[in-house]
Amino acid sequence: MKGDRVEIVVDAGDTTRTYEVIATRAGRRVETAVRRGVVEVSEVTRNGTVVRTARFMATRVLALVEQPVPREDEQAV
């Protein structure tokens with residue numbers, strides 16, 4: 001969904017750096033995967049086509065925060 005967001009906090013030696021991957025258009029979502037020591041965060045279209053990807057070494061990732069946009073159907077509950 002547009003507005004879905006993932007924040008990645010990475011150890012950069014003497015400091016930390018924060019990166020964000022945001023679903024920029026309607027119908028897109030953000031997916032997270034950890035494979036072979038690499039954290040991969042991708043913005044994906046409805047068809048499953050990857051628009052852009054951010055990759056980080058898993059040993060350097062301090063925090064991975066997924067922040068979904070509140071859905072209208074969930075608010076009614």
Side-chain angles (χ1 to χ4, degrees):
M1 291 287 285
K2 180 179 178 177
D4 281 353
R5 179 172 86 167
V6 175
E7 290 183 47
I8 307 101
V9 181
V10 179
D11 178 19
D14 58 341
T15 186
T16 60
R17 294 190 183 190
T18 302
Y19 299 93
E20 289 185 340
V21 177
I22 302 171
T24 56
R25 293 190 178 170
R28 292 190 180 170
R29 63 187 184 277
V30 179
E31 293 183 350
T32 305
V34 180
R35 298 184 193 119
R36 295 186 178 203
V38 176
V39 176
E40 212 174 79
V41 181
S42 302
E43 182 180 357
V44 182
T45 64
R46 288 183 183 140
N47 298 338
T49 305
V50 176
V51 177
R52 60 190 173 122
T53 301
R55 292 187 180 112
F56 304 94
M57 292 175 48
T59 57
R60 295 288 187 178
V61 174
L62 301 175
L64 188 67
V65 182
E66 296 182 10
Q67 299 178 348
V69 172
R71 309 287 191 249
E72 293 175 11
D73 55 339
E74 291 177 3
Q75 293 174 354
V77 175

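Just so you know, these numbers use all the heavy atoms, side chains as well, and skip hydrogens, waters and symmetry mates. Remember, it's a predicted structure, so these values are computed and weren't measured experimentally.
Taking a 4.5 Å side-chain heavy-atom cut-off between Ile, Leu, Val, Met, Phe, Trp and Tyr, the cluster of Val9 extends to Leu62.
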Which donor-acceptor pairs under 3.5 Å do side chains of residues 14-24 form with protein atoms, sequence neighbours excluded?
residue: Thr24; atom: OG1; partner: Glu43; partner atom: OE2; Å: 2.9

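Among residues two or more places apart in sequence or in another chain, the salt bridge (Lys or Arg N to Asp or Glu O under 4.0 Å) test is passed with Glu66 by none. With sequence neighbours left out, the salt bridge (Lys or Arg N to Asp or Glu O under 4.0 Å) criterion links Arg36 to no other residue. Considering only residues two or more places apart in sequence or on other chains, Arg35 meets the side-chain hydrogen bond (donor to acceptor under 3.5 Å, both in side chains) condition with Glu40.
Side chain of Arg28 to backbone of Arg46: no donor-acceptor contact under 3.5 angstrom is found.
Under a hydrophobic clustering in which Ile, Leu, Val, Met, Phe, Trp and Tyr are joined whenever their side-chain heavy atoms come within less than 4.5 Å, directly or via other members, Val30 and Val65 fall into different clusters. Cluster membership for Met57 and Val38, using ILVMFWY side-chain heavy atoms within less than 4.5 angstrom, is not shared. Two different hydrophobic clusters hold Val44 and Leu64 under the rule that ILVMFWY side chains link at heavy-atom gaps under 4.5 Å.
For the pair Val6 and Ile8, the tightest heavy-atom approach, listed with the atom from each and the gap, is O-CD1, 3.9 Å.
Evaluation of the ring-ring contact (aromatic ring centres under 6.0 Å, His included) test over residues 20-45, restricted to residues two or more places apart or in two chains, returns none.
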